[in-house]
Amino acid sequence: MSEVDHEALELATTWFIAARAMSVAAGHLCPSREATAGLYGRAILGLDEETCLAAKTPEQVGSRSLIDCLASVAAMGEATAAKIMTGVMLIAYADASMHPLEVRWASSLASAAGLTEASFQACCVNARVIATMMVDPHEAN
Amino acid sequence: MASSSGNFEFLTKYDNRVARLAHQAERYVHTDPDACLFKLRLMVEVMARALVELQLPHLVSTDLSSMLRGLQRSGLLQRKEADGMHAIRRDGNAAVHGEAATTPAAMRRLRDAYRLSAWYCRMIRRGAKVDLPGFNPPQPPPGTDAQAQVRQRAEMLEAAIEARRNRARDALLLFSDKEDVDAESARLHGELEALERVAVVAGEPVIDADLVALVMAMDVEQILEQPAWGRTADEAKAEAEAQFNLVKMAFEEAEAGYRQERSRVVESQHEADRAARHVQGEDPS
């Protein structure tokens, strides 16, 4: 754990909470959504294996609320917050529909990140493009 | 050929073909681990096909990977079973393509197949009561000390590879195996509902759901041709592709390393087997 960079751990924890919230918003956990989150974190957010594992410990994700997650997104730089937003939209696209709570979570994140309408549009579009590249972790590993 | 340990006797009354493949895999595990993995891979394919025909007859794709993905998406195949089936698919494919396989690797997959078999019986016959005793590992034929040492080395190597693979997999998953996924999901869902109530009362804005639906419905080609989005989307696509490729390359490098380590152990195994045959006078070379 001591090898994990604090800033990276904060990003990973925020990412996994944001991704989990979107994954369960429709009331059930969709397996294709579960598969998307880790690869996005590794590839696009640049999180290493150690950091991803450390973020999923009870001391990290288990002790944070969604409000904590939104506060963390609000404190991030614009580029990083946009990457989180893009990843969350990528998860929303995984089952090709949006439940009202998914819309709410995306809206809350967009507000916390201070995204303009144009920035949010870019996140949506980029997520749609990236969605075509996602592979099952079983295929990758 | 070593005799079967009878772990899969129960399967015969549920699915004869699957049972036959399991028996064969069990018999080969010590004498020919490649053949064992090949049989297990075929066994998983037969199981997946039966489940698809039963539950997802509309699924067009019939390669094993697509069938497993379809079963996962439909919720029939949960994480634990999916992990076992994918591990057998991966190691079976490697054996088919001539990569060195060790007995401990084949034994691990045989154990996975044992666990999966009980689940499979419950899936194809509703209400089936399949209460299995513990897996009884087939015993190796008697051998020399050198052969036993190589077996031990192979066992340690496979344990290390399995541990590294599990770490890589755990890092990718949304929830860790140690978490209570249902409880954590319920906690987050409850928080989302509270957030929604507060946001509605406070008149918080929502995202443009029409835009999201439009983007969701568009083909990637349409997006890339769209004047307002095309350039940035194209750049994002290229950047993401490069980043995904880096991660995939890291996985491939790790797998190549495992293959090399296995090849060395398998070569030692062959040397020990040759020496044993020489001592017994079966191999004059």
Side-chain angles (χ1 to χ4, degrees), chain A residues 16-17 19-21 23-25 27 29-35 37-39 42-44 46 49-50 52-53 56-58 61-62 65-67 89 92-93 96 98 100-101 103-108 110-111 117 120-122 124-130 132-133 135-141, chain B residues 65 68-69 72-73 75 77 79 82-83 86 89-90 165 167-176 178-179 181 184-186 188-189 191-193 195-196 199 204-209 211-213 215-216 218 220 223-224 226 228-229 232-234 236-237 240-241 243-244 246-248 251 255:
Chain A
F16 278 109
I17 296 173
R20 285 178 179 195
S23 298
V24 304
L29 179 62
C30 170
S32 51
R33 291 174 164 198
E34 192 179 22
L39 273 178
R42 294 291 310 275
I44 309 297
E49 192 175 294
E50 205 64 40
C52 288
L53 290 169
K56 284 178 268 186
T57 55
V61 285
S65 66
L66 294 186
I67 300 294
M89 291 311 294
Y93 288 154
M98 274 191 100
L101 284 185
V103 173
R104 174 56 62 200
W105 183 233
S107 307
S108 300
S111 292
E117 205 178 314
F120 178 73
Q121 269 192 18
C124 285
V125 170
N126 293 349
R128 178 68 189 88
V129 172
I130 294 171
T132 59
M133 292 173 221
V135 292
D136 190 320
H138 289 109
E139 310 283 328
N141 183 19
Chain B
S65 229
L68 294 183
R69 272 202 304 273
Q72 275 177 273
R73 268 198 299 272
L77 193 55
R79 186 199 280 187
D83 285 347
H86 277 289
R89 178 189 60 80
R90 180 199 58 218
R165 275 182 175 155
R167 265 183 90 72
R169 167 193 160 282
D170 289 348
L172 289 177
L173 291 172
L174 196 50
F175 293 91
S176 87
K178 294 182 190 107
E179 289 178 274
V181 177
E184 185 61 11
S185 300
L188 291 171
H189 198 264
E191 283 190 42
L192 280 170
E193 285 176 329
L195 202 62
E196 166 76 354
E204 288 282 325
V206 289
I207 53 163
D208 184 350
L211 168 89
V212 175
V215 172
M216 210 182 275
M218 284 173 88
V220 172
I223 288 175
L224 295 178
Q226 228 267 1
W229 303 333
T232 49
D234 205 23
K237 182 171 181 272
E241 248 164 10
Q243 285 165 305
F244 279 122
L246 282 178
V247 172
K248 276 194 257 177
F251 287 135
E255 287 296 320

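The sequence lines fix the lettering, A, B, ..., with proteins before strands; numbering per chain opens at 1.
One finds the CD1 atom of A:Ile130 at 10.0 Å from the CD atom of B:Glu241 (value rounded to the nearest 0.5 Å). To the nearest 0.5 Å, the span separating CG on A:Leu39 from CG on B:Leu173 amounts to 9.5 Å. Between the CD atom in A:Glu50 and the CZ atom in B:Arg167 there is a gap of 4.5 Å [rounded to 0.5 Å]. Rounded to the nearest 0.5 Å, atoms CH2 (A:Trp105) and CD (B:Glu191) are 8.5 Å apart. B:Glu204 contributes atom CD, which lies 5.5 Å from atom OG of A:Ser111 (distance to the nearest 0.5 angstrom). Note that SG of A:Cys52 is 11.0 Å distant from CG of B:Asp170, once rounded to the nearest 0.5 Å.
Heavy-atom pairs under 4.5 Å with chain A were tallied for B:Gln243, B:Glu179, B:Lys178, B:Met216; the largest tally goes to B:Met216. Here B:Leu211 is the residue among B:Leu224, B:Leu211, B:Leu68, B:Asp208 with the most heavy-atom pairs under 4.5 Å with chain A. Per-residue heavy-atom pair counts under 4.5 Å with chain A were compared for B:Ala186, B:Ala236, B:Ser185, B:Ala209, and the maximum is reached by B:Ser185.
A salt bridge does not link B:Glu184 to A:Lys56: none of the charged side-chain nitrogens sits closer than 4.0 Å to a carboxylate oxygen.
With a 4.5 angstrom heavy-atom cutoff, B:Leu192 touches chain A via backbone and side-chain atoms both. Using a 4.5 Å cut-off between heavy atoms, A:Phe16 touches chain B through backbone and side chain atoms alike. Proximity to chain A (any heavy atom under 4.5 Å) is shown, for B:Glu193, by both the backbone and the side chain. Of the atoms belonging to A:Thr132, it is side-chain heavy atoms, and not backbone ones, that fall under 4.5 Å from chain B. Looking at A:Ala19, the atoms closer than 4.5 Å to chain B (heavy atoms on both sides) sit in the backbone and in the side chain alike.
Put simply, the side chain of A:Met89 does not reach to within 4.5 Å of the side chain of B:Val215, judged on heavy atoms. Put simply, the side chain of A:Ile67 reaches to within 4.5 Å of the side chain of B:Leu195, judged on heavy atoms. Within the 4.5 Å cutoff, the side chain of B:Ile207 has heavy atoms near those of the A:Met98 side chain.
Summarising the geometry of B:Pro205 relative to A:Ser107, their closest heavy-atom pair is O-CB, 3.7 Å, with the distance given to 0.1 Å. The shortest non-hydrogen separation linking A:Ser23 to B:Leu174 is OG-CD2, 3.2 Å.
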Check the pair A:Val129 / B:Ile223 against side chain to side chain contact (heavy atoms under 4.5 Å, CB included), numbers first and verdict last.
CA-CA 8 Å; A:Val129 172; B:Ile223 288 175; 4.1 Å; yes
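In terms of modelled atom types and a separation under 3.5 Å, the side chain of A:Arg20 and the main chain of B:Leu188 share no donor-acceptor contact.
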